[in-house]
Amino acid sequence: KITGGLNKTRRVLATDIRDLFKSEGRLVDEEFLGELFARLIRTDMGIKPANLIKDEVAKKFRGRVVQLEEVIETITDEIRQQLRQDHGGLAKSDSPPTVILVVGVNGSGKTTSIGKLAHLLHSQGHSLVLGAGDTFRAAAVEQLTIWAGRIGCEIVTGASGADPASVAYQTVDKAISLGTDYAIIDTAGRLQTQSNLMQELQKIRKVIDKRLPGGPHEVLLVLDATAGQNAISQAKGFSEAARCTGIVLAKLDGSAKGGVVLPIRDQFQLPVKFVGLGEGMQDMAAFDPDSFAEALLK
Ligand code: GDP
């Protein structure tokens, strides 16, 4: 699944690296290593991960003539290594419901990601309730209601402008009374009122914990893979205020810079748990480093 989503990145990276090998083999010297580094960087993987890869290639092959396949193999292994702690999959509460709070900047793909995650869990046989906690945007509530209808699950909505924390509370309450496996709660994502938003997120956490001690069990930060490093840095505030536990990287299919998973991992110190691979209901996959590394290069 991840393979298809990374077509754009792979096309660029694989071509770039193949270009380094005009004849059969290539001597691994400083010039080669510099060129390799420059090409890795183009995927937005960041300086540190690219340096680690370059060092590994240098350590193994410096002064030798290598083949394309050997270099590809080494890069793939090193990427896999750098992401080895990450694996898709959610925390699970000992006693249901497992409460998942979803945060992120407007436009990042948050609502769509909630719909896709709900579909994924539902298709695995889990029951769930959605909470339309982005009460500020009527469109987000509408969109989530459509998703709930498609999936066939319950949704809790508040009146327009209702207190998001009260929607969160009612969602957990509903999940408990229905005995569902999951409650997935949307939140507002407007950046212009950042400090209020941070307070709001903290309040939401507090009321969830009040209704269900220990909750939320998972706080997912949705990031837009096409947004570039600056936009992604803006989400740091969310990550800290909401005490996020994992990342959903949306729109990976729309980016030729899929290497961005590496610096995101580094910057947020959070595992990438799911990746968004399109706009459809089924276009989400649990992240796994092996398929990711392979999809990037092979
Ligand atoms: P929100 O404002 O964060 O809730 O963002 P939305 O969920 O409304 O998504 C914004 C836009 O991005 C919509 O047009 C979505 O269809 C699109 N989108 C969301 N996730 C993905 C994805 O994984 N791949 C692609 N190609 N588009 C996506």
Side-chain angles (χ1 to χ4, degrees), residues 1-10 45 76-77 79-94 96-104 108-128 130 147 150-151 153 180-186 216-226 232 235 239 242 244-255 257-298:
K1 197 93 207 274
I2 290 183
T3 314
L6 280 165
N7 278 345
K8 284 195 183 172
T9 307
R10 183 176 51 249
M45 72 165 59
T76 312
D77 280 348
I79 290 175
R80 208 181 268 143
Q81 192 63 17
Q82 289 184 29
L83 293 167
R84 70 182 180 284
Q85 287 124 334
D86 291 13
H87 50 86
L90 294 163
K92 206 162 186 338
S93 166
D94 292 337
T98 294
V99 179
I100 304 169
L101 194 62
V102 185
V103 308
S108 59
K110 185 161 51 73
T111 313
T112 310
S113 295
I114 292 173
K116 290 191 281 189
L117 180 60
H119 172 71
L120 189 67
L121 292 170
H122 189 257
S123 67
Q124 290 167 351
H126 300 294
S127 55
L128 55 104
L130 295 180
W147 279 108
R150 266 191 230 162
I151 295 160
C153 67
T180 64
D181 301 320
Y182 291 92
I184 309 179
I185 303 169
D186 195 7
H217 308 94
E218 194 82 77
V219 184
L220 298 178
L221 173 68
V222 179
L223 295 175
D224 177 347
T226 64
I232 288 170
S239 160
C244 290
T245 54
I247 288 171
V248 176
L249 190 59
K251 311 186 200 177
L252 200 54
D253 56 303
S255 174
K257 297 180 182 292
V260 77
V261 172
L262 293 156
I264 282 177
R265 216 256 155 266
D266 206 43
Q267 220 173 320
F268 288 89
Q269 289 293 307
L270 289 173
V272 174
K273 295 207 165 191
F274 295 92
V275 288
L277 303 167
E279 295 182 272
M281 191 135 88
Q282 306 186 349
D283 297 328
M284 174 173 273
F287 182 77
D288 104 86
D290 289 347
S291 349
F292 174 76
E294 299 243 334
L296 212 51
L297 286 143
K298 289 185 174 173

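These figures come from a predicted structure and were not determined experimentally.
- For Arg80, the side chain to side chain donor-acceptor pair (under 3.5 Å) criterion is met by Asp77, Asp290, Glu294, not counting sequence neighbours.
- In this pair, Tyr182 and His126 present their aromatic rings perpendicular. The plane angle is above 60°, beyond the 30 to 60° band.
- Remark: Leu221 CG to Ser239 OG distance equals 6.0 Å, nearest 0.5 Å.
- Checking side-chain atoms of Thr226 against main-chain N and O of Ser255 turns up no donor-acceptor pair under 3.5 Å.
- A distance of 12.5 Å separates CE of Met284 from CD of Gln282, quoted to the nearest 0.5 Å.
- Looking at Asp181, its side chain never comes within 3.5 Å of a backbone N or O of Leu128 through a donor-acceptor pair.
- The closest side-chain heavy-atom distance from Lys273 to Glu218 is below 4.5 Å.
- Here CD1 of Ile185 is found 9.5 Å from CD1 of Ile100. Values are rounded to the nearest 0.5 Å.
- Pairing each heavy atom of Gly276 with each of Asp253, the nearest pair is O-OD1, 3.6 Å.
- Contact detail for Leu277 and Ala285: the closest heavy-atom pair is CD1-CB, 3.9 Å.
- We find the NZ-CG distance between Lys251 and Asp283 to be 13.5 Å, quoted to the nearest 0.5 Å.
- Two residues are said to be in side-chain contact when any heavy atoms from C-beta on lie closer than 4.5 Å; Leu117 and Leu220 meet this criterion.
- Across all their heavy atoms, Arg10 and Lys298 have their closest contact at CD-O, 2.7 Å.
- Under the 3.5 Å distance criterion, the side-chain polar atoms of His217 are left unmatched by any main-chain donor or acceptor of Lys92.
- Under a 3.5 Å cut-off, the side chain of Arg150 and the backbone N or O of Trp147 do not form any donor-acceptor pair.
- A side chain to side chain contact (heavy atoms under 4.5 Å, CB included) with Phe274 is found for exactly one of Ile247, Val248, Val222, Leu249, namely Val248.
- Looking at every heavy atom in both residues, Pro263 comes nearest to Met45 through CD-O, 2.9 Å.
- Taking the side chain as every heavy atom from C-beta outward, Val99 and Ser93 never approach each other to under 4.5 Å.
- Annotation: the span from Ile184 atom CD1 to Leu90 atom CG amounts to 8.0 Å, rounded to 0.5 Å.
- Closest heavy-atom contact between Ile151 and His119: CD1-N, 3.7 Å.
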message: Quick one, Leu252 with Leu6, criterion side chain to side chain contact (heavy atoms under 4.5 Å, CB included). Give me CA distance, side-chain angles, the key distance, then yes/no.
response: CA-CA 7 Å; Leu252 200 54; Leu6 280 165; 4.0 Å; yes
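- Once rounded to the nearest 0.5 Å, the distance linking CG of Leu296 with CG of Leu83 reads 9.5 Å.
- Among all heavy-atom pairs drawn from Val272 and Val261, the shortest one is CG2-CG1, 4.0 Å.
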